[in-house]
Amino acid sequence: MDVALPTRRATIRLAHAIARALAPGDLIVLGGGLGAGKTFLVRAMLRALGVPDEIPVPSPTFTLMNEYGAECRARVPVLHADLYRLLGASDEDLEHEIAELGIRARRGEGWAAIVEWGDDAFDALGGDGVRITISMERRGPRVAHLAGSGPRGVVLASAIASPTQT
Ligand SMILES: Nc1ncnc2c1ncn2[C@@H]1O[C@H](COP(=O)(O)OP(=O)(O)O)[C@@H](O)[C@H]1O
Ligand SMILES: [Mg+2]
């Protein structure tokens with residue numbers, strides 16, 4: 001399923017669709033190059049979930065993971081991770097780092113996980129989620145490609161895509 005993102009406004013609309021569909025324990029991995037708009041999308045999604053403007057939503061590039069729990073007033077608690085620093089790591093190292101971060105375990109406790117550069121780690125993150133890849137052709141408009149995998153992933157992907165599909 002493809003969603004065109006010609007403007008920031010269109011990305012914000014997609015973020016709202018994700019926020020509406022998101023449930024505790026969900027997994028979304030975000031792919032696409034540097035500057036594709038992954039962090040922009042997550043920030044808009046957290047705002048749509050109820051995180052107020054006075055709480056900053058920085059990129060987790062250096063921290064690996066930022067948390068938006070009850071004190072952030074999100075409708076669903078969210079872990080926002082960025083695995084860029086782990087690109088090229090062996091499967092074993094990836095498994096180890098993700099276990100350290102506790103993402104898989106915390107999904108079981110009701111945290112939704114949104115993971116930039118998480119494609120290679122989909123299974124290590126517990127699987128059953130949605131992959132969103134933002135492609136940015138030279139000079140062309142951005143397009144988000146959504147693919148659900150696993151029972152919840154398939155349902156979540158179509159719930160996200162249905163109101164925004166063009
Ligand atoms: N349609 C769009 N969707 C998302 N971001 C856009 C769009 N058009 C321009 N941008 C800009 O592109 C940049 C994307 O940056 P960022 O979200 O940090 O990328 P990433 O996390 O994928 O590396 C932002 O500065 C944003 O304002
Ligand atoms: Mg980013």
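Whatever order the structure lists ligands and atoms in, that order sets their numbers, starting from 1.
When side chains are defined from C-beta on, Arg43 counts as touching Thr39, because their heavy atoms get closer than 4.5 Å. Counting heavy atoms from C-beta outward, Trp117 and Leu86 have side chains that stay 4.5 Å or more apart. In this structure, the side chains of Arg47 and Val57 come closer than 4.5 Å at one or more pairs of heavy atoms. Using a 4.5 Å heavy-atom threshold, the side chains of Ile132 and Ile18 count as touching. With a 4.5 Å cut-off on side-chain heavy atoms, Ile28 and Leu41 do not count as touching. Using a 4.5 Å heavy-atom threshold, the side chains of Leu87 and Tyr84 count as touching. In this structure, the side chains of Ile12 and Phe40 come closer than 4.5 Å at one or more pairs of heavy atoms.
Residue-ligand proximity, Leu34 to ligand 1, at heavy-atom distances under 4.0 Å covers atoms 23 (O). Close contacts of ligand 1 with Gly33, meaning ligand atoms under 4.0 Å from a residue heavy atom, involve 22 (O). Ligand-side atoms of ligand 1 in range of Glu116: 21 (O), range being under 4.0 angstrom from any heavy atom. Of all atoms in ligand 1, listed by their number and element, those nearer than 4.0 Å to a heavy atom of Leu5 are 1 (N).
The minimum heavy-atom distance linking Trp111 with Leu79 is given by the pair CE3-CD2, 3.3 Å. Residues Pro151 and Asp128 share a closest heavy-atom pair of N-OD1, 3.2 Å.
For the Mg ion (ligand 2), the N/O/S atoms of Glu116 include one lying under 2.8 Å. Metal site remark for the Mg ion (ligand 2): Tyr84 contributes no N, O or S atom at a distance under 2.8 Å.
On a distance-only criterion, Pro6 and ligand 1 share no N/O pair closer than 3.5 Å.
Of the protein's non-hydrogen atoms, the one nearest atom 23 (O) of ligand 1 is Gly35 N, 2.8 Å. Of all protein heavy atoms, the one closest to atom 18 (O) of ligand 1 is Thr39 CB, 3.7 Å. Given atom 17 (O) of ligand 1, the protein heavy atom at minimum distance is Phe40 N, 2.8 Å. The closest protein non-hydrogen atom to atom 2 (C) of ligand 1 is Thr11 OG1, 3.4 Å. For atom 27 (O) of ligand 1, the nearest non-hydrogen atom of the protein is Arg8 NE, 2.7 Å.
Residue nearest to atom 20 (P) of ligand 1, selected from Lys38, Met136, Arg142: Lys38 (by heavy-atom distance).
Residue-level proximity to ligand 1 for Thr7 is carried by the backbone, the only part with a heavy atom below 4.0 angstrom.
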